Amino acid sequence: MKRWRFLLGFGSETGQSKAIAQGMGDIASEQHQICADIFELDEVDKQFKLEEESIMVIVTSSTGDGEPPGLGDTNYSTFCNCGRVLDRRFEELGATRFYPSAWADDAVGLDLTIEPWLQGFWPALKETLTKLNTSTETSINNLTESINQLNLTQEIKPTVNRQLSSSNKFKSNQDNITYSSNLSEMTTLTLPPKSTHSLSIKLIESSEVKDHLPTDPHYHVSTLIRRECLTHDTAIKPVMSIELEPSEEEFLFEVGDAIKIVCANDENEVNLLLKRLEWMDRASHQLDICISPDNTKKSAKIPTYIPSMCSLRYALTNCIDIRSSPRKNLLRLFVDCTTDEDEKRRLEELCSREGSDIYIKYILEEHLSILDILNHFPSCKPDIAMLIEFLPPLIPRFYSICSSPLDDVRSIKFVYSVLKFDALNGRTYERFGVCTNWLNKITIGTKILIQTRISQHFRLPLTLDTPLIMIGPGTGVAPFIGFLEHLYLSSKSIAGFDVNNLHTWLFYGCRHRQHDFLFEEQIQMYQQINVLKHLFVAASREEDYPFRYVQDQIKANGHELANLIYNRNAIIYVCGDIKTMVRDVRETIAHILKENSDITNIDEYMKSLETSRRYLLDIWS
Ligand code: FAD
């Protein structure tokens, strides 16, 4: 019998959409006997003819300010823009929608949308395939039979059908993950089907282990040449600055671009994981990965993000995202590696359909890592193959470049906030942000793999006299330092470039001007030499200072700003990591425009600013 198939295209920048598409492909073949032909979107022409396809599903992210592809995050006014544009285009071309699209939000966690969306997706896909009867060799009877056989999810009896008592041995003061909920009363839980292994993974004692930076033509090698703390010792959130020197001359970037950094997990955390799994004595053994002889997955591939002949320690440190929250399919596999009956039951609850809310609340929202889960379930002893195959790859992080290539193309600078998360709410150990912690710890001279993320629109305008309104609290000031430096260096090197023609406005925000005013001296220098015309600083933790947030300064200068925007075609740039700031700034700009102009439909006007690329965002969560 010929199998049903559909086309599954993905567009991925950091690997998240790719992983989602591949996961869907595996579920399609394993649980529904449907073949998903998976293609990267920019390869489509080479692989098939769209007009001859009956069903197409697309998983794509958006990058920058709604460009293809990268993160989908509601902080952007053009949230999931790439997906939405594709969606609209398919409709315009006459495609029929068989299931509603969903817009997953990286600001709150992609799984919060994807999990429920997938539950409805498979029945809709099967119904459509049945209607289209795309399989020429399969009779209707067979189809109906196979649909009936293909249970979406597996109904199982719980291993333990009783409430965990309040004296149960997992009781802990700080979390609820191991407490039983009202689900313990439930006799039937709907578990996700068990994922099958497509890889065969062994550890071999070998003297040939090669642990070194992988060579990837998409990445450039750079050297860490400087790291400095930009904030005072008393600052609540320290900010560091980094300078890298690319090895090759041809490393190209422009102001407004970001840099992608390949980072590594924390050594202590890797050790904790190795100890917990009792793999410490085999950490230096070579990881031998091949496709399993029993493999049935069409998408099965040896992961390219794990170099061949590397050690287990290397893979856990450099290749696998050990900090990620385990997905439900992994929790499902954990059930079978757990000996304690109460723990088994609780794991079943956490990965069941009925336990979706508790999974979201206790695992996703609290960002519990794989090690947290293993610490909560001490009798769970997964094997190496399980973690290597089912944990996602460690993805690079982005940082906005704050230097100008006019200064020195062999010097790339960026800044980052140090992130610390306490051992609370189910988190069983204190931790730091993965990449920022790694950047804090590596020694000067360390080689780092980097790549430029070219910004499509977050750029200086071509004309000098266009007013620039730059709004960047905290590390959000980074690209504006790049802009100002670029303008300053341009004024020194380009004939006829007169700084007096510039109309540059910078709105900066910190907690306390004495503690965390980033780039204070440099900004003052730009003011003195007339590159920066207007500086407005907000300080959220200074008593008696009237401007707490950048929005307060924007409001105080509303009349003049509205004039610049409405009458002088100013470009507004907003950059930073503060979710509420992005929304509040937009509302404040809309407010000052309303107060100080004759615009009647302010919503439409704000949208027109965005579509004409005069309201530009570079933000992150
Ligand atoms: P991670 O380990 O990835 O953790 C970071 C995030 O995960 C947290 O913000 C939080 O949302 C979540 N999280 C993880 N664990 C917990 C927990 N236990 N409790 C609560 N939340 C948790 N950053 C800068 O500092 N400077 C920049 O100039 C900059 N520019 C950027 C430009 C772009 C285009 C983008 C997309 C991002 C930029 N970022 C910047 C963000 C940066 O890429 C990283 O996301 C950031 O440095 C954190 O990375 P990390 O690996 O240290 O932290």
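First listed ligand is number 1; within each ligand, the first listed atom is number 1. Note that the coordinates shown come from a computational prediction; the quantities given were computed from them, not determined experimentally. Heads up: numbering here begins at 1 and tracks the sequence.
- Residue contacts with ligand 1, taken as heavy atom pairs separated by less than 4.0 Å, involve Phe398 via backbone and side-chain atoms alike.
- Counted by atom type alone, Tyr429 and Ser369 present one or more donor-acceptor pairs between their side chains at under 3.5 Å.
- Residue Asp577 places every heavy atom at 4.0 Å or more from ligand 1.
- Within the structure, ligand 1 has Tyr399 among the residues with a heavy atom less than 4.0 angstrom away.
- Partner of His534 under the ring pair (Phe, Tyr, Trp, His ring centres under 6.0 Å) criterion, out of Tyr508, Trp505, Phe507: Trp505 alone.
- In the vicinity of Arg453, heavy-atom distances shorter than 4.0 Å reach the ligand 1 atoms 34 (C).
- Short contacts between ligand 1 and Asp618, defined as distances under 4.0 Å to a heavy atom of the residue, involve ligand atoms 34 (C).
- Counted by atom type alone, Lys328 and Ser356 present one or more donor-acceptor pairs between their side chains at under 3.5 Å.
- A distance-only check finds no donor-acceptor pair linking the side chain of Asp407 to the backbone of Ser404 [under 3.5 Å].
- The ligand atoms of ligand 1 that sit less than 4.0 angstrom from a heavy atom of Ser417 are 25 (O).
- Remark: His512 engages no residue in a side chain to side chain donor-acceptor pair (under 3.5 Å) (not counting sequence neighbours).
- Every atom of ligand 1 is numbered from 1 in the order shown, and the set under 4.0 Å from a heavy atom of Tyr416 is 24 (C), 25 (O), 26 (N).
- Between the side chains of Asn265 and Thr317, no donor-acceptor pair is found at a separation under 3.5 Å.
- At least one N/O-N/O distance between Val434 and ligand 1 falls below 3.5 Å.
- In terms of polar-atom proximity, Asn437 is not counted as a contact of ligand 1, lacking any N or O under 3.5 Å from an N or O of the ligand.
- For CD of Glu587, the number of neighbouring non-hydrogen atoms (other residues, nucleotides, ligands) closer than 6.0 Å is greater than 12.
- Identified under the ring-ring contact (aromatic ring centres under 6.0 Å, His included) test for residues 401-424, with sequence neighbours left out: Tyr399-Phe414.
- Taking any N or O of Val415, backbone or side chain, at least one lies under 3.5 Å from an N or O belonging to ligand 1.
- Ligand-side atoms of ligand 1 in range of Leu419: 5 (C), 48 (C), 53 (O), range being under 4.0 angstrom from any heavy atom.
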